[in-house]
Protein chains: 2
Amino acid sequence: MSTRQRILATALESFGTTGVDGTSLDALARDLDLAKQSILYHFNSKQILFQAVVDEAASEFIAELDSEVDGVDPNDVLAQVESAVRVVFRLALQRPALLGLLREASRPGSSVAVQLTGRLSHHIDAAQGALEHALSDGRVAGTNARLLLFSLYSTIMGVATEVEVMRAMGVEPSLRTLAERRTELLRFLEAALVPQTISAGVTS
Amino acid sequence: MSTRQRILATALESFGTTGVDGTSLDALARDLDLAKQSILYHFNSKQILFQAVVDEAASEFIAELDSEVDGVDPNDVLAQVESAVRVVFRLALQRPALLGLLREASRPGSSVAVQLTGRLSHHIDAAQGALEHALSDGRVAGTNARLLLFSLYSTIMGVATEVEVMRAMGVEPSLRTLAERRTELLRFLEAALVPQTISAGVTS
DNA sequence: TTTGTCCTCTACCAATTGGTAGACGGCCGC
DNA sequence: GCGGCCGTCTACCAATTGGTAGAGGACAAA
């Protein structure tokens, strides 16, 4: 593993857990057992390093998505959602820092938000297109594909990464509860997406 | 307005937008047109100031929730959800920094997460209890009240605060789209919650 | 007037921050 | 052998960090 790759991996881990502002180049160099100046040799500034880490994270995330979605019917929205949930939950378990970094990079006002979303734009467009088709065919409930996708994203990402809120609600983020959480999340999303065959009438 | 209150308000604004690590006491003092040491007189350290800001934010958030929920039938889950959505969206528009601070304080590994969730525990318990009742009565779809509440929280908070993701999906976070976003979110949540009178059968 | 408390200030501090300058060694093509 | 690039290093830097020490003003109680 090249030094450059080692730096990227360690920085991703630290940026994703401690945050960018909370990570100093000195601490990073200590973790790597490397001189700080060697980091700055490969990445001319902390900001550039951050951008490279975001790129790296986006690549990994996309790779995970692609490998999971591979072979799934692109028009079966529910199956696509299921794949996305599986990917995110696996990452939450095995690579929490990666999700943490995505969260960090998509903070309001983030300097790298555009870069990150640019890398994901192809997948976003594809998902949006599939949702639009499903909507117009009546296979999915809703009125606006973009807003629907946004809701799906928020729910999945929140349920997977908001560990402190989870604890507050009495759900320990352990391996034991993980399957249960994923099942309930999928049920929730399916209920939200599947159109009701007859109007249920909201009789509150 | 007392100096102490001014410090709290300004710190909430800065912590909620720039983050705690991204806010220096010097910058804060500059914003306040006050000597940094005056801040440290009222709050002995930055960490203590952060805790006080979290308390302040929790109080404001709870006050907003209470005033909105006041008079709404505690057993009408849908109406309660609607109130919560209304509060969060109003805050997203008028006090984005407050939501930003809640997000900051609930970051994984945050030192103040326990404090924040403790302040909200009463409301969490109440919501959970109402959901449990509705679940056992069959008025709401789902299997686990805690996980259901967690999903609702993630969706609402995400849709309200993930402005960069919103932009990535082609939704400008403007006043014009706000009503539309709220309507679609409510439709989404209702679809997820309202039990289907006859099994719709997931025929993908 | 004196005393004491509250609050804000100037002056200062050691540690840490991101970043620069440049020396040194290994390794490749010549 | 040797010039040149690559990568890592030591040494250093100015600026900023959170925090301390202590002076002094305002004001109320005595």
Side-chain angles (χ1 to χ4, degrees), chain A residues 1-57 97 100-101 104-105 107 109-113 115-116, chain B residues 1-57 97 100-101 104-105 107 109-113 115-116:
Chain A
M1 198 176 186
S2 73
T3 300
R4 193 189 155 86
Q5 283 174 319
R6 278 183 60 226
I7 295 173
L8 275 179
T10 306
L12 199 162
E13 199 66 27
S14 187
F15 287 173
T17 52
T18 319
V20 177
D21 285 333
T23 301
S24 72
L25 293 183
D26 291 87
L28 215 49
R30 235 174 291 130
D31 283 357
L32 285 160
D33 205 19
L34 195 72
K36 170 173 65 170
Q37 292 67 17
S38 298
I39 299 176
L40 286 165
Y41 170 79
H42 293 279
F43 306 94
N44 291 329
S45 72
K46 193 184 184 182
Q47 174 67 17
I48 289 176
L49 171 59
F50 185 26
Q51 290 170 3
V53 167
V54 167
D55 252 352
E56 168 73 13
L101 190 107
E104 176 90 3
R107 271 172 56 160
S110 159
S111 60
V112 295
Q115 182 195 346
L116 174 62
Chain B
M1 198 173 185
S2 72
T3 300
R4 193 191 154 86
Q5 283 174 317
R6 278 183 60 227
I7 296 173
L8 274 180
T10 307
L12 199 162
E13 200 67 26
S14 188
F15 287 173
T17 52
T18 319
V20 176
D21 285 333
T23 301
S24 72
L25 293 182
D26 290 85
L28 215 49
R30 234 175 289 129
D31 284 356
L32 285 159
D33 205 20
L34 194 70
K36 170 173 65 169
Q37 294 65 19
S38 299
I39 299 176
L40 286 166
Y41 171 80
H42 292 281
F43 306 93
N44 290 331
S45 73
K46 194 186 186 184
Q47 174 66 18
I48 288 174
L49 171 60
F50 184 28
Q51 290 169 4
V53 168
V54 168
D55 252 352
E56 168 75 13
L101 190 106
E104 175 90 2
R107 269 172 58 161
S110 159
S111 60
V112 296
Q115 181 194 347
L116 174 62

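A, B, ... follow the sequence lines: proteins, then strands. Residue 1 opens every chain. None of the values given here were measured: they were computed from a predicted structure.
Between A:Gln51 and A:Phe43 the shortest side-chain heavy-atom distance does not fall below 4.5 Å. In this structure the side chain of B:Phe15 never reaches within 4.5 angstrom of the side chain of B:Val54, judged on heavy atoms. The shortest distance between side-chain heavy atoms of A:Gln5 and A:Glu56 does not fall below 4.5 Å.
Between the side chain of A:Arg6 and the main chain of A:Met1, no donor-acceptor pair closer than 3.5 Å is present. Checking side-chain atoms of A:Thr18 against main-chain N and O of A:Thr23 turns up no donor-acceptor pair under 3.5 Å. Within the 3.5 Å criterion, the main-chain N or O of B:Val20 finds a donor-acceptor partner in the side chain of B:Lys46.
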Q.
Checking A:Ser38 against A:Thr3 for the side chain to side chain contact (heavy atoms under 4.5 Å, CB included) test, could you report, in this order, the C-alpha distance in whole Å, the side-chain angles of both residues, the deciding distance, and whether it holds?
A. CA-CA 9 Å; A:Ser38 298; A:Thr3 300; 5.7 Å; no
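Side-chain N/O atoms of A:Ser38 include none lying less than 4.0 angstrom from OP1 or OP2 on D:dG7. In this structure, A:His42 does not reach the D:dC6 phosphate: none of its side-chain N or O atoms is under 4.0 Å from OP1 or OP2. OP1 or OP2 of C:dT8 sits under 4.0 Å from a side-chain N or O of B:Thr3. Side-chain nitrogen and oxygen atoms of A:Tyr41 include none within less than 4.0 Å of the OP1 or OP2 phosphate oxygen of D:dT8.
The side chain of A:Leu34 has D:dT8 as its nearest neighbour among C:dC9, C:dT8, D:dT8.
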Close N or O pairs between protein and nucleotides 3-5 of chain D (under 3.5 Å):
none

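Under the 3.5 Å distance criterion, with hydrogens and angles disregarded, a donor-acceptor pair is assigned to the side chains of B:Ser111 and B:Gln47.
Atom pair B:Ile39:CD1 and C:dC7:C1' shows a separation of 14 Å (rounding to whole Å applied).
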Q. Tell me, for nucleotides 12-24 of chain C in 5' to 3' order, what letter each nucleotide earns: B for a base near a protein heavy atom under 4.0 Å, S for only sugar-phosphate near one, - for neither?
A. -----SBBBB---
